[in-house]
Structures are given as C-alpha cells and as structure tokens.
Amino acid sequence: SRSSKPVAKSYVSREKNCIEIERDDVRLVLNGDDGTFAIYGVAEKGNSIPLLSTNDADSGSYFVVKIGRKEYKLQAKLGINCEARKTPLGAQMAYLVSDEAQVVVDFSFMPSIATSTRIDMLRVSVFVINIGRSIQSFAVKGIFDTTLGENTSAHFSTAGRKFINSELQFQSMDEDLWIRSANKEAAIQFI
C-alpha cells in the first residue's frame, strides 16, 4: 500500500556533491560535481521512472544563461563552478559563471492540488544575480530532454492539441496551457 511508504527520503553524499530527494511521487537528483540534474516519477511499487533523458550522465537537460551577448551552458565540464545544496522545500543547484553572475535553480516539491499533502510536482525557479562590476542584461533558458513520448503516437500534447510530432513554436499558451510528454508508465508536464 502507498500509505506505508515514507513521505520523504533524502540522501546527501559526503564523497560527492550529490543530493537525492524522494517525496511521494517525485524523485530529484542533483549532481553538484558536474552541474546536472535528473527528475524521476515514482511508480506505485516504488521504482523510479526517468522523466528526462538519462543519456550522457543526465547532461541532456540543462540551463543556459545569456550575459550581454554571450551564452554559457551551465555545466561543470564547460568551466562553470557548480554546487548542489538542500533546502527546506527541496534542493538547489548553484552555478558561478566566472566573476559575472551566479545562477541558482531552485527545485521545490509541492502538491499539484493545494489542499492535498501528496507531493506530485516540482516548481522550478531560476534566480540570476549580477556579481560583475557593470550593468548587464541577463536571460535564462531551460532545455529539458524528454523521452517519454518518443515511442508513442504523440511525442507531445497540450490542453489544445492532442498530437504534436514535429517542431512547433508557441506564440501564446492561452489555449494550450501546458506541454506534456507521456507514455504508458509516466508523464512529465510543463506548465
């Protein structure tokens, strides 16, 4: 029965800068040594299902910060200093881009229904702090390498479109509301 499952499990490795937290239906893994993250759905029987691609040590999903005209992919192998840290609501990945900016990606566990205590969602908030000596313009984008819908009739779907199997640019999300990648075992939905 699901009620016998512990509400929260967390593990912080002392040998590596790695944080792993599982709460109800969601498991999050942050690797501060390389700056990567992974998100899993937790099935009824407790096994984890990757919601994002795990190829190349989870490096297919990442964030990019643009400082002025230059873009920086936020991963340690590209010279970015990374640190994973636990928070009361989840965990954060902090990236230091030389002496120009600090980017903090905050992953907070929460229920999708406000009155529920069951955790089934992650809120991802991104903060950029200018630590340089000049005023700069900043932009951040997130790249999420989904794989769940690749072997289904609909790679993606939205509230307004049941099948999306080719590249599509959204001018507004007024009718579509969200983007989902799903298979028979799990789904990830971006709101």
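Bear in mind that the values here come from a model prediction, so they are computed numbers and not experimental data. Numbers here are sequence positions counted from 1.
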Short side-chain to backbone donor-acceptor contact, [X] and [Y], under 3.5 Å:
X	Y	value
Tyr40	Leu51	no
Asn165	His155	yes
Asp176	Ala159	no

For [X] against [Y], the heavy-atom pair lying closest together:
X	Y	value
Ile49	Ala186	CG2-CB, 3.8 Å
Val26	Met121	CG2-N, 3.7 Å
Cys82	Ala76	SG-N, 3.6 Å
Thr117	Asp24	O-OD2, 3.7 Å

Would [X] end up clustered with [Y] when hydrophobic side chains under 4.5 Å apart are linked, directly or stepwise?
X	Y	result
Phe156	Ile188	no
Ile19	Phe109	yes
Tyr95	Val29	no
Val64	Leu96	no
Val65	Leu30	yes

(message) Any carboxylate oxygen within less than 4.0 angstrom of a Lys/Arg side-chain nitrogen, looking at Lys77 and Asp34?
(response) no

(message) Less than 4.0 angstrom from a charged side-chain N to a carboxylate O is my criterion; do Lys73 and Glu71 meet it?
(response) no

Would a 4.5 Å heavy-atom cut-off, applied to side chains only, mark [X] and [Y] as touching?
X	Y	result
Ile21	Arg27	no
Glu83	Met93	no
Pro111	Arg118	no
Phe163	Ser157	no
Phe170	Arg161	yes
Phe63	Val126	yes
Phe107	Ser125	no
Leu74	Val97	yes

For the [atom1] atom of [X] and the [atom2] atom of [Y], what is their distance to the nearest 0.5 Å?
X	Y	atom1	atom2	result
Asp25	Glu22	CG	CD	9.5 Å
Ser112	Ile191	OG	CD1	8.0 Å
Met110	Arg23	CE	CZ	12.0 Å
Thr158	Trp178	OG1	CH2	6.0 Å
Ile39	Leu28	CD1	CG	6.5 Å
Asn17	Asp33	CG	CG	5.5 Å

(request) For the residue pair Glu100 and Tyr72, confirm or rule out a side-chain donor-acceptor distance under 3.5 Å. (result) yes

(message) Any donor-acceptor pair under 3.5 Å linking the side-chain atoms of Gln92 with those of Asp106?
(response) yes

(request) Please write out which residues are connected to Ile113 in a hydrophobic cluster, directly or through intermediates, given that two of Ile, Leu, Val, Met, Phe, Trp, Tyr count as joined at side-chain heavy-atom separations below 4.5 angstrom. (result) none

Could you list the donor-acceptor pairs under 3.5 angstrom formed between side-chain atoms of residues 137-150 and any protein atom two or more places apart in sequence or on another chain?
none

(request) Can you run down the side chain to side chain donor-acceptor pair (under 3.5 Å) pairs that involve residues 181-191, sequence neighbours left out, and say none if there aren't any? (result) Arg180-Gln189

(message) Please determine whether the number of non-hydrogen atoms from other residues, nucleotides or ligands lying under 6.0 Å from atom CG of Asn151 exceeds 12.
(response) no

